[in-house]
Amino acid sequence: MTVKVLFVCLGNICRSPTAHGVFQKLVADAGLQEQIQIDSAGTGDWHIGRGPDERTQRAAQSRGYDLSSLRARQVTSADFGDFDYVLAMDKSNLKDLRAMAGDKTNCHVSLFLDFAESSWQREVPDPYYGEQDGFETVLELVEDGARGLLATIRATGEFSQ
């Protein structure tokens with residue numbers, strides 16, 4: 001059985017591709033890339049087809065994550081049937097996702113940082129209009145959330161190891 005995870009932010013060029021890339025590397029390092037599929041999307045449609053923001057890519061690359069192959073897409077209603085986890089970066093996007101999903105989904109829709117192991121924060125702040133240090137903060141939060149998410153998926157036994 002395969003577990004499918006979708007990370008969601010507003011435009012799919014900063015936070016959700018960062019989570020996608022970080023989690024993808026964590027999963028690959030654990031040898032679980034055949035059991036866990038990962039994608040990212042945005043609730044908005046402004047950046048469809050574009051790669052992650054240059055500042056996002058620079059920050060990720062400095063920590064060994066390659067986001068260059070990722071392209072922005074928008075969340076669709078089909079995603080709620082295709083993915084086991086649909087994880088929002090903030091409460092505003094979570095509200096939009098829950099409205100889209102309605103009661104027609106069995107997937108887990110929540111904040112991504114609900115899985116964080118050490119951070120008290122529950123929202124990944126949008127770094128788009130800020131300075132470079134905002135992208136570093138996003139990486140720190142995402143790494144924490146990714147470790148917790150992987151531990152949760154492993155603990156649930158949703159796939160054969």
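Worth saying up front: this structure is predicted, and the values here are computed from it rather than measured.
Salt-bridge check for R58 with E136: failed, with every basic side-chain N at 4.0 Å or more from each acidic carboxylate O. A salt bridge links R15 and D90; the closest N-O separation between the charged side-chain nitrogens and carboxylate oxygens is under 4.0 Å.
At a cut-off of 3.5 Å, with distance as the only test, no side-chain donor of D144 or S119 sits close to an acceptor on the other residue.
Within the hydrophobic cluster formed by Ile, Leu, Val, Met, Phe, Trp and Tyr side chains joined at under 4.5 Å, directly or through other members, V75 is accompanied by L6, V8, F80, F83, V86, L94, L97, M100, V109, L111. Counting side-chain heavy-atom gaps under 4.5 Å among Ile, Leu, Val, Met, Phe, Trp and Tyr, the cluster of I13 also holds Y128, Y129. Through side-chain heavy atoms spaced under 4.5 Å, either directly or across other Ile, Leu, Val, Met, Phe, Trp or Tyr residues, W46 is tied to L10.
Considering only residues two or more places apart in sequence or on other chains, E123 meets the salt bridge (charged side-chain N to carboxylate O under 4.0 Å, His left out) condition with none of them. Taking D53 as the reference, R55 meet the salt bridge (charged side-chain N to carboxylate O under 4.0 Å, His left out) condition, with sequence neighbours excluded. The salt bridge (charged side-chain N to carboxylate O under 4.0 Å, His left out) check on R73 picks up D39, D79, with sequence neighbours excluded.
Here S40 contributes atom OG and N12 contributes atom CG; the two are 4.0 Å apart, rounded to the nearest 0.5 Å.
For M89 against A19, the heavy-atom pair with the smallest separation is CE-CB, 3.9 Å.
When ring centroids are compared, H108 and Y85 come within the 6.0 Å threshold.
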